[in-house]
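Reading through the C-alpha cells given below for one structure.
The figures here come from the full heavy-atom set of this structure, side chains too, leaving out hydrogens, waters and symmetry mates.
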2 protein chains.
Amino acid sequence: MDETHSPPLALDQLPGHLIRRLHQIAVGIFLDESRQFDLTPVQFAALDAICARPGLDQIGLSGAIAFDRTTIGGVVERLEAKGLIDRRVGQADRRTRELYITEQGRQLLDAITPAVLRTQERILYPLAPEERRQVLILLDKLVSQNNPFSRSPIKGD
Amino acid sequence: MDETHSPPLALDQLPGHLIRRLHQIAVGIFLDESRQFDLTPVQFAALDAICARPGLDQIGLSGAIAFDRTTIGGVVERLEAKGLIDRRVGQADRRTRELYITEQGRQLLDAITPAVLRTQERILYPLAPEERRQVLILLDKLVSQNNPFSRSPIKGD
DNA sequence: ATATAATTGACAGTATGCTGATTAATTTGA
DNA sequence: TCAAATTAATCAGCATACTGTCAATTATAT
C-alpha cells in the first residue's frame, strides 16, 4: 500500500472552523437586527468607543477595540461621511486626529442600542442560562489570554 | 436634567465582540503556524472539502463549508492559479464547474495538516482539558442551532 | 414543444482586515 | 542644535464576505 495521504480533517470539529462559523452567524444576526440603521458591527463598535472616550485618536481607538490601525482609517472615514463623528487635528500632536461623536452620532447610538442587545440574546438563544454564563466565561478567557498573540492586541486603559 | 443618552455599552462583555476578537485571534494563529505554506484559513477549508468530496461543484462547496457562493468564486480561482485544484465543466450540467484536488494540492494538504492541528491547540491553550471539551460543545450548539439564521447555512449531506 | 422558472457561475460594488511602504510630525541623542 | 529614530496616519495591494445583477443553462409546466 502506498497510502501516503492522510484523510481530510473533519472541519466541523475544528475550533477554528466553529469560531469562523459563529462569527459569520453573529454578524448576520447583527445586520438583520440593525438593518434600518445602516451601521456595521465594526462601525457600531467604533462609534461606541468614541462615545465612551471623546478625543481618542485613531491608534487609541485601534487599541481600545482591537482593530488593525489601517482598517480603522476607512471605518472612521465612513463614520465621518455619515456625520456621526468629527475628526479634528490634534492640539498637542498634529500627527493625530482626535475623534468626537456628534449629536447625530449619539442619537443613532441610542437608537441602535436595543437592536444590539437583541442581537446578543439571539446569538446565545440556543443555550440554557447556565450555559450562557459558561460560554461567556470561556470566550473571555480565550480572548484575554490569547490577546498577546493577536495581530491587534488590546491595550489596557 | 436632560439626560436622554444611555451610557455606551461595554463592548468587551458583548458576545458578538468576544466572538469577533476570538475569530481575529484564531486567524492570526493560523497564519502564523502556516506561514510557509502560503494558504489562508478559507483556502485550507476549501481544499480540505474538495479533497473529501471530489467532483463537488462551487455551490456544493459553499454548502459544505458555509461560504457565500460569491466568495467561493475568488477562492477557487486562487486555488486553481496555484495549481492546487482543477476546475472542469460539469458533464451532466454544463452550468457547473466540478472541482478536483491535484496531486500538488494533496501534498500541500498533507504538509499543512500538522500546522493546522497545532493551530487548534494554540487557540484552546488557555483552557483546562475539561473546559476545552465544554467550549467545543457550546460552540457546536451555538453554530448548529443558529445555522438556519446564517447567511450561508450549511447543507446537510 | 415551448414559454416560463429556477439554478450556476460571473461580475460590479461595498466593507472589513491584513501587509508593506510612504509622508508628515514629533522625539531622541550625539 | 540638528541628524536619526520613532510615531500617526495614509496609500497601494491582496483576500475574505456580502449585496445585486446578469448570462448561460437546465428544469417545469402547460
Position toward the 5' end of DNA chain D (nearest nucleotide), A:Asp93 or B:Gly74: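 Comparing both residues, the 5'-ward one is A:Asp93.
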Report the distance from atom [atom1] of [X] to atom [atom2] of [N], rounded to the nearest whole Å.
X: A:Gln24; N: C:dT16; atom1: CD; atom2: C1'; answer: 14 Å
X: A:Arg20; N: C:dT16; atom1: CZ; atom2: P; answer: 19 Å
X: B:Arg21; N: C:dT16; atom1: CZ; atom2: P; answer: 17 Å
X: B:Asp68; N: D:dT16; atom1: CG; atom2: P; answer: 13 Å
X: A:Gln58; N: C:dA25; atom1: CD; atom2: P; answer: 15 Å
X: B:His23; N: D:dA15; atom1: NE2; atom2: C1'; answer: 12 Å
X: A:Leu39; N: D:dC18; atom1: CG; atom2: C1'; answer: 16 Å
X: A:Arg35; N: D:dG20; atom1: CZ; atom2: P; answer: 10 Å

Interface residues of residues 113-121 of chain A with DNA chain C (non-hydrogen, below 4.0 angstrom):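 Residues of residues 113-121 of chain A that come under 4.0 Å of DNA chain C do not exist, since none gets that close.
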Anti or syn - C:dA5, cut at 90° from 0: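 Glycosidic conformation of C:dA5: syn.
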Examine [N]: is either OP1 or OP2 under 4.0 Å from a nitrogen or oxygen in the side chain of [X]? Give yes or no.
X: A:Gln43; N: C:dT16; result: yes
X: B:Arg94; N: D:dT25; result: yes
X: B:Arg69; N: D:dT19; result: no
X: B:Arg97; N: D:dT25; result: no
X: B:Arg95; N: C:dA6; result: no

Strand partner of C:dT7, provided both Watson-Crick or wobble distances fall under 3.5 Å: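 Across all strands, the one nucleotide that pairs with C:dT7 is D:dA24.
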Taking all non-hydrogen atoms of both residues into account, name the closest pair between [X] and [Y] and its distance.
X: A:Ile25; Y: B:Val143; value: CD1-O, 3.7 Å
X: B:Phe67; Y: B:Ala45; value: CZ-CB, 4.3 Å
X: A:Leu79; Y: A:Leu47; value: CD1-N, 4.2 Å

Given B:Glu77, B:Gln43, B:Gln104, the one that forms side-chain hydrogen bond (donor to acceptor under 3.5 Å, both in side chains) with B:Lys82: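 Result: among B:Glu77, B:Gln43, B:Gln104, B:Gln43 is the only option passing the side-chain hydrogen bond (donor to acceptor under 3.5 Å, both in side chains) with B:Lys82.
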Candidates A:Glu98, A:Arg69, A:Arg97, A:Arg87 - the one meeting side-chain hydrogen bond (donor to acceptor under 3.5 Å, both in side chains) with A:Gln58: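 Running side-chain hydrogen bond (donor to acceptor under 3.5 Å, both in side chains) over A:Glu98, A:Arg69, A:Arg97, A:Arg87 with A:Gln58 returns exactly one hit, A:Arg87.
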A:Val75 vs B:Gly73, nearer the 5' end of DNA chain C by closest nucleotide: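 Of the two residues, B:Gly73 wins.
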Touch class at under 4.0 angstrom, heavy-atom based, for B:Thr40 against every strand present: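 Result for B:Thr40 = sugar-phosphate.
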Sugar-phosphate, base or nothing in reach of A:Thr71, heavy atoms under 4.0 Å: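 Base, at least one base atom sits under 4.0 Å.
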Whether over 12 other heavy atoms sit under 6.0 Å from B:Glu130 CD: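 Above 12, so yes.
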A:His17 side chain reached by A:Arg20 side chain, heavy atoms, under 4.5 Å: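 A side-chain contact exists here, since the closest heavy-atom pair is under 4.5 Å.
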Short N-O contact, A:Arg122 and A:Asp32, less than 4.0 angstrom: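 The answer is yes: the pair qualifies as a salt bridge.
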